[in-house]
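Reading through the structure tokens given below for one structure.
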Amino acid sequence: MKQEIMKHLPGNFPWQVHWYNDLPSTNDLLKEMGKAGAPHGTVVIADSQSKGRGRLGRSFLSPAGNGIYLSVLLRPRCKAYALMHLTCAVAVAMCDAVEQVCAFRPGAKWINDLVSGSKKLGGILTEMSLAGDGDVAFCVIGIGINCKKSPVPPELEAIVLSLEEATGKEIDRFALIGAMLTALLEMEQGLFTNKAAIMERYRQDCVTLRKTVSILGGEAPVTATALDVDADGALLVRYPDGREEFLSSGEISVRGMYGYQ
Ligand code: BTN
């Protein structure tokens, strides 16, 4: 499997790729590897995960042979606040990779989901480990993408979609993994120098903007209109009483009023 992936990467690709048939979670393994000193650019990919995780403690279904479950460890030399836009940058890179291989560009639902129409194709889970002084020791970027249709619990039928369903074409998972890693490398190289352009591209991909959304995470859902995404990935919303607020992604998520998006 690893050889199949390497065929889609340049010979001088600088990151080290590890393939596993089955893992609890690629993010969990890579965090352990990070603590043990794994270098910048360590990549873990699994054919299936038994405990795939998403944001806010949600699970991410990861059946064998059907999706891409991939995590990358980076060691940027910066404070945690300098990485606030990382998830947005990864989302743009993943839209680029999917577009390159599938001739179809997903949307980004704020802040970390890849979508087609009102359904979820995949998601991004970025996790950070800090050194004592507030510097980032390492971060782990986890990406899950549904490539083929899988059986899902009835409550997820209306929400989950695969790339094959979205495009009507068979997806070459290994070609897509190659494009994802190439896009992530490029993203990482411009993460700080190209921040404004990356965030402008995120705004263009972000399907949440100009929509009425339901904000989840407090005691009860709150309705607002999504207006903008700022330079650090916070979502600017306007409440029905005219008040405006920047929401950071830490504790909340948004849903469209008529379904998932
Ligand atoms: C989300 O939907 O909120 C994010 C989903 C992220 C899933 C990926 S799959 C690879 C990596 N390992 C995990 O346990 N989660 C991420």
Side-chain angles (χ1 to χ4, degrees), residues 1 5 15 17-34 38 42-74 86-95 97-98 106-116 118-129 138-148 150 152-153 155-156 158-163 171 173 176-177 180-181 183-184 206-208 216-217 233 235 247-256 259-261:
M1 298 292 197
I5 296 167
W15 292 352
V17 177
H18 304 267
W19 169 271
Y20 295 82
N21 289 332
D22 183 51
L23 282 177
S25 155
T26 54
N27 265 38
D28 288 352
L29 175 63
L30 203 42
K31 285 198 302 187
E32 288 309 314
M33 292 168 76
T42 304
V43 177
V44 168
I45 308 175
D47 192 39
S48 65
Q49 300 181 118
S50 53
K51 289 187 180 148
R53 296 186 293 107
R55 271 182 71 228
L56 307 174
R58 296 176 184 139
S59 58
F60 188 84
L61 286 178
S62 314
N66 279 15
I68 296 172
Y69 320 113
L70 174 158
S71 300
V72 182
L73 181 142
L74 301 180
L86 177 62
T87 299
C88 297
V90 174
V92 172
M94 293 305 94
C95 289
V98 170
K109 173 182 164 288
W110 188 83
I111 183 166
N112 68 319
D113 283 342
L114 302 176
V115 297
S116 169
S118 62
K119 293 193 171 187
K120 173 164 171 162
L121 291 166
I124 298 156
L125 175 66
T126 44
E127 300 185 285
M128 240 177 261
S129 170
F138 62 83
C139 59
V140 169
I141 301 165
I143 302 145
I145 298 188
N146 310 319
C147 294
K148 296 178 193 300
S150 314
V152 292
E155 67 275 15
L156 294 183
I159 292 179
V160 173
L161 191 72
S162 67
L163 277 175
I171 304 298
R173 271 195 310 159
L176 183 51
I177 290 171
M180 287 164 68
L181 290 175
L184 284 167
C206 183
V207 297
T208 309
L216 312 175
L235 184 69
L247 304 176
S248 71
S249 60
E251 298 295 321
I252 64 151
S253 62
V254 299
R255 284 275 162 94
Y260 169 73
Q261 185 176 296

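Note: hydrogens, waters and symmetry copies are ignored here, and every other heavy atom, side chains too, is used. Bear in mind that the values here come from a model prediction, so they are computed numbers and not experimental data. Counting convention: from 1, in listed order, for ligands and their atoms alike.
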W19 and its side-chain contact (heavy atoms from CB on, under 4.5 Å) partner, picked from I5, V44, L70:
I5

Within a distance under 4.0 Å of any heavy atom of I124, pick out the atoms of ligand 1 and give their elements.
4 (C)

Decide yes or no for M94 and L184: does some side-chain heavy atom of the first lie under 4.5 Å from some side-chain heavy atom of the second?
yes

Under 4.0 Å to a heavy atom of G54 - the qualifying atoms of ligand 1, by number:
1 (C), 3 (O), 4 (C), 5 (C)

List every atom of ligand 1 that sits less than 4.0 Å from any heavy atom of I143, numbering the atoms from 1 in the order shown and giving each element.
8 (C), 9 (S), 10 (C)

G52: numbered ligand 1 atoms lying under 4.0 Å from its heavy atoms:
14 (O)

Is any side-chain heavy atom of I171 closer than 4.5 Å to a side-chain heavy atom of K148?
no

the protein heavy atom lying closest to atom 11 (C) of ligand 1 turns out to be T26 OG1, 3.2 Å

From the list I141, V140, I143, side-chain contact (heavy atoms from CB on, under 4.5 Å) partner of T126 resolves to I141

With atoms numbered from 1 as shown, which atoms in ligand 1 lie under 4.0 angstrom from a non-hydrogen atom of L70?
10 (C)

Is there side-chain contact between L29 and Y20, with at least one heavy-atom pair below 4.5 Å?
yes

Side chain, backbone, both or neither: the part of L56 lying under 4.0 Å from ligand 1 by heavy atom
neither

Kindly indicate whether the side chain of C139, heavy atoms from C-beta on, has any atom under 4.5 Å from the side chain of L86.
yes

Numbered atoms and elements of ligand 1 in range of S71, under 4.0 angstrom, heavy atoms:
11 (C)

Within reach of ligand 1, part of N112 (heavy-atom separation under 4.0 Å):
side chain

Per-atom contacts of ligand 1 with S25, taking only distances under 4.0 Å to non-hydrogen atoms:
12 (N), 13 (C), 14 (O)

May I ask whether Q49 places a heavy atom under 4.0 Å from ligand 1?
yes

So do the side chains of N27 and Q49 get within less than 4.5 Å of each other, counting heavy atoms only?
no

Tell me the protein heavy atom at minimum distance from atom 2 (O) of ligand 1, and give that distance in Å.
K120 NZ, 2.5 Å

Could you pull out the closest heavy-atom pair between L176 and C147, with the gap in Å?
CD2-SG, 4.4 Å

Is there a donor-acceptor contact under 3.5 Å from the side chain of N146 to the main chain of L161?
yes

Report, in ascending order of atom number, the atoms of ligand 1 lying under 4.0 Å from any heavy atom of R53.
5 (C), 6 (C), 7 (C), 13 (C), 14 (O), 15 (N), 16 (C)

I need the nearest protein heavy-atom contact for atom 3 (O) of ligand 1: residue, atom name and distance, please.
R55 N, 2.7 Å

